[in-house]
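Right, one structure below, let's go through it.
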Amino acid sequence: MFARPVAALATTALGFSALFLPGSAAGTEDATARHRDPVVIAHRGASAYAPENTLAAIDLAARMGFAWVENDVQRTRDGELVVVHDDSLARTTDVEERFPGRAPWKVKDFTAAEIATLDAGSWRGPEWAWARVPTLKEYLNRVDANGQKLLLEIKKPVLYPGIEQDTLRVLGEEGWLDRAHVGHRLVVQSFGADSIKAVHALRPDITTGFLGTPAVADLPAFAAFTDQINPSHTSLSAEYVAAVHALKGPHGRPLRMNTWTVDDAEGAVRVAGFGVDGIITNNPDVVRDAMGRAPGAAGVSVAGRTVVP
Ligand code: G3P
Ligand code: CA
């Protein structure tokens, strides 16, 4: 297991945000292409070791040598996109103490300014009290500064009509819709098929993913608008992975598959044996070790200094 590098994280809090990932297997992987070994994707950042969906979690993933991070995007009352998993702020922030009269503390009922004041780290331990719920804009800029790549999930899109357009607007404003990002550093996924259809219709060049396990007979319909079928590992078999890979997606390439959430070595070996293209995990180091790779974190350069977690 990976020990928390609290001192190293503190340097990030002080402004050392430009990480340069090494040219290791993990640092050069591309979740849009097929590989012999699955790409390891840090779920909500390195969320086994840092508060999920915070800048601390993606900074730690970078320090551990992981290029791909996954997040969850929702919308505030005043239209700001923020990175948080639950549709309530109660589990991962101090919102109940700060705003006791506003149960059930839905993201959509709070302004961005209110959310920005919340402590999004103490629930994981007092050392994380400084962590905040990032806006998507802040999050994208940090992923960029870290040299990382993003599997962006539009979370519960039925709660947020038009969130697809909002997401694309912010991506464009922050420079994420240029050829380099769209071609190699961005995948947009959702459990909502209509949401992914909307993203594909608005920006057909973006790589998309559907979260779920459609019946094999329905896969051709999904292949019209999604490049990836990303199922729970509990629903997988080698036959299902092969059925997905046998189809071509909207960009004329075989469909890919990133499975979630695989947090132990045995599970990682199992799904790798099925031939999945990526493994989404809270424990990216455990999965990497299970794949028999050398740690990519050795020699990570932070603001010109070498940091070995
Ligand atoms: O990326 C896959 C996974 O994040 C989907 O489930 O609930 O963790 O967003 P959830
Ligand atoms: Ca997610």
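Remember, it's a predicted structure, so these values are computed and weren't measured experimentally. As the structure lists them, so they are numbered: ligands from 1, and atoms in each ligand from 1. Counting from 1, the numbers follow the sequence of the chain as shown.
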How is the N/O/S atom of [X] that comes nearest to the Ca ion (ligand 2) named?
X    : result
D72  : OD1
E70  : OE2
E153 : OE1

Contact region, T261 to ligand 1, non-hydrogen atoms below 4.0 Å, reads neither
With a 4.0 Å heavy-atom cut-off (strictly under), which part of N230 contacts ligand 1: side chain, backbone, both or neither? neither
Side-chain H-bond candidate by donor/acceptor type, D263 with H43, under 3.5 Å: no
Does any donor atom in the side chain of N258 or Q228 lie under 3.5 Å from an acceptor atom in the other side chain? yes
One thing to verify: whether [Y] and [X] come together as a salt bridge, which I'm taking to mean a side-chain N less than 4.0 angstrom from a carboxylate O.
X    : Y    : answer
E266 : R270 : no
R185 : D144 : yes
R142 : D59  : yes
D87  : K106 : yes

Can you name the one residue among L177, D178, T207 that meets side chain to side chain contact (heavy atoms under 4.5 Å, CB included) with L186?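 Of L177, D178, T207, side chain to side chain contact (heavy atoms under 4.5 Å, CB included) with L186 is met by L177 alone.
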Between T208 and V188 (side chain of the first, backbone of the second, donor and acceptor by atom type, cut-off under 3.5 Å), is there such a pair?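 Such a contact is absent between T208 side chain and V188 backbone.
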Hey, looking at atom 3 (C) of ligand 1, which of R44, E52, H43 has the closest heavy atom?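 When every heavy atom of R44, E52, H43 is considered, H43 comes closest to atom 3 (C) of ligand 1.
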Could you work out, for atom 1 (O) of ligand 1, the closest of K156, E70, K155 by heavy-atom distance? E70
Those atoms of ligand 1 less than 4.0 Å from some heavy atom in [X]:
X    : answer
E153 : 4 (O), 5 (C), 9 (O)
D72  : 9 (O)
F191 : 5 (C), 6 (O)

For H85, is at least one N or O under 3.5 Å away from an N or O on ligand 1?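 Yes: some nitrogen or oxygen of H85 is under 3.5 Å from one in ligand 1.
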